[in-house]
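Below you'll find the structure, written out as structure tokens, and then a few comments.
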Amino acid sequence: MTRVPPLVARDEFTWEIPAGSVPGMRVPGILFSNRALLGAVESDPSLEQLANVATLPGIVRSSLAMPDIHFGYGFPVGGVAAFDLAEGVVSPGGIGYDINCGVRLLRTSLGVDDVRPHLKALIDSLYRNVPSGVGSRAGVTLSPSEMEEVLANGARWAVDRGHGRREDLAVQEEEGRLAGADPSAVGDGARRRGVRQLGTLGSGNHFLEVQAVDEIFHPEFAPVLGLTPRQVVVMLHTGSRGLGHQVATDYIATMDARLAREGVTLVDRQLSCAPIASPEGERYLRAMAAGANFAWANRQLITDAVRRSFREVFHRSDAEIDLAVVYDVAHNMAKVEEHRVDGAPRRLLVHRKGATRAFPAGRPEVPERYRAHGQPVLIPGDMGTASYVLVGLPGAMERSFGSSCHGAGRLLSRHAAVRRFRFDEVTRALTERGIVVRSASREGVTEEAPGAYKDVEEVVKVAEGAGLTRRVARLVPLGVVKG
DNA sequence: ATGTTC
């Protein structure tokens, strides 16, 4: 039975579920939202999930949710929670089944008018070069030793093997390689699922989109990112595929067994977790890092395929088309980071599940090239509306452990969206707006119909109003490959 | 998200 916890307005963009609203809450729940978005969540079980997270041992300050919050496994999607390293827990449900699901943005030297006449050919070529859909398989199979290297080295493995440029790495979160990865913590089942999946898009909300820069909001930072109005860019959204999913499945089972052994009961069994300082917790974090590296290698191989498609369609060299990486973010991840708590610096394990790190200017984790401005935050919207580039602000460090939103956020479940929308109508509405769509399945289109999502404009306005991030550029879709 | 309910 769903209990809807009370929401108390704290300011225009901040709502609180006071500690004590749900039995066992150790800290309050904080939701960044506004009146326009609240209607979608007020009676939603995602708020109960936000409160449930606040019951976990060692949680620091508050259980947080971004404006794109929706119902997830255990933790809400859009959830952020930080834990004390000695007293706290790590929970796979706080990271998500798709470990290091994330977004990469590539820029081109082409303008809308250069691409429009070749748009259909370009989307067809991308569809051919990047396997997509449920169970999509890569043309190549990783050998056992290659798998070891992918899990240990992420995007760096791909670049070392000639799949990309050395300079691609400097502009990725963690430079595309999370330290602390232990391939031996990734089971045989997970490896088997991954061997034919590197360089594949997958399904669901994963996509590869050709977009145009529609509007610049931050005239100082946009040129540093190489973004100008009417420029064509490419956004890709995917993660660690079946490998990451199997890692999550395996460790949830391990943690469930430990909880049963210790006689611990949780308010929701989907909050399955283990102490950070335990063999199960430590081993999961090493496996999670390896899964994250698989995802970064995946996005790097897809980058390589995107460059191939542009060469094929435009008959120009890589240097002419540019296709430089602007940035690559993870939005399903847990990381040890330093944050100020009650005025003192403290190392915490920050879970972000459908939430993006959004560090401000000056943080050493921000690439040197961008450090004077802050970390780029990449926000895919829905395929009919718009996506955004944002930048982290000091307010994110003060309020959300350096985090912001990750997308528009679902309004309807997949099932509800398939019942609500018809494939032909969704496709026609997009075609009428000049958007070319290729999908591996009809469900890929109806599940992801623009009407299944919240208004991304409202989501980014809340993230800005709450002081977490500011808008840098708005990107509009020209063509999309859906999983 | 996911060999979409091993």
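Worth knowing before you read on, the calculation uses all heavy atoms, side chains too, and leaves out hydrogens, waters and symmetry mates. By convention in this document, chain letters (A, B, ...) are assigned in the order of the sequence lines, proteins followed by strands, and residues within each chain are numbered from 1.
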Exercise. Base, sugar-phosphate, or nothing: which does A:Gly204 touch, judged by heavy atoms less than 4.0 Å apart?
Worked result: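 Contact class for A:Gly204: sugar-phosphate only.
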For this session: Give A:Gly242 one of three labels, base, sugar-phosphate or nothing, depending on what nucleic acid heavy atoms sit under 4.0 Å from its own.
Result: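 Result for A:Gly242 = sugar-phosphate.
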For this session: Quick one: list whatever passes side chain to side chain donor-acceptor pair (under 3.5 Å) with A:Asp160, sequence neighbours left out.
Result: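 For A:Asp160 the side chain to side chain donor-acceptor pair (under 3.5 Å) partners, ignoring immediate neighbours, are A:Arg166.
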For [X] and [N], what is the distance between atoms [atom1] and [atom2] respectively, to the nearest whole Å?
X        : N     : atom1 : atom2 : result
A:Tyr73  : B:dT4 : OH    : C1'   : 16 Å
A:Glu443 : B:dT4 : CD    : C1'   : 10 Å
A:Asn332 : B:dT2 : CG    : P     : 11 Å
A:Ile99  : B:dT2 : CD1   : P     : 12 Å
A:Glu448 : B:dT2 : CD    : P     : 11 Å
A:Tyr97  : B:dT5 : OH    : C1'   : 13 Å
A:Asp188 : B:dC6 : CG    : P     : 21 Å
A:Glu447 : B:dT2 : CD    : P     : 11 Å

For this session: Report yes if at least one side-chain N or O of A:Thr249 is closer than 4.0 Å to OP1 or OP2 of B:dT2; otherwise report no.
Result: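 So the side chain of A:Thr249 is outside the cut-off, no N or O lying under 4.0 Å from OP1 or OP2 of B:dT2.
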Exercise. Distance check: side-chain N/O of A:Arg241 vs OP1/OP2 of B:dT2, anything under 4.0 Å?
Worked result: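 For B:dT2, OP1/OP2 do have a side-chain N/O of A:Arg241 under 4.0 Å.
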Can you give the donor-acceptor pairs under 3.5 Å from side chains of residues 128-143 of chain A to other protein atoms, not counting sequence neighbours?
unit_1   : atom_1 : unit_2   : atom_2 : d
A:Asn129 : ND2    : A:Ser309 : OG     : 2.7
A:Ser136 : OG     : A:Gly133 : O      : 2.9
A:Ser136 : OG     : A:Arg241 : NH2    : 3.0
A:Ser143 : OG     : A:Ser145 : OG     : 3.3
A:Ser143 : OG     : A:Glu146 : N      : 3.1
A:Ser143 : OG     : A:Glu146 : OE1    : 3.4

For this session: Describe, in one word, how the ring planes of A:His163 and A:Trp157 are oriented to each other, choosing from parallel (under 30°), tilted (30 to 60°) and perpendicular (over 60°).
Result: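 Taking A:Trp157 first and then A:His163, their aromatic rings sit tilted (interplane angle of 30° to 60°).
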Exercise. Just one of A:Asn153, A:Asn293, A:Leu151 clears the side-chain contact (heavy atoms from CB on, under 4.5 Å) bar with A:Pro183, so which one?
Worked result: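 Only match with A:Pro183 under side-chain contact (heavy atoms from CB on, under 4.5 Å): A:Leu151.
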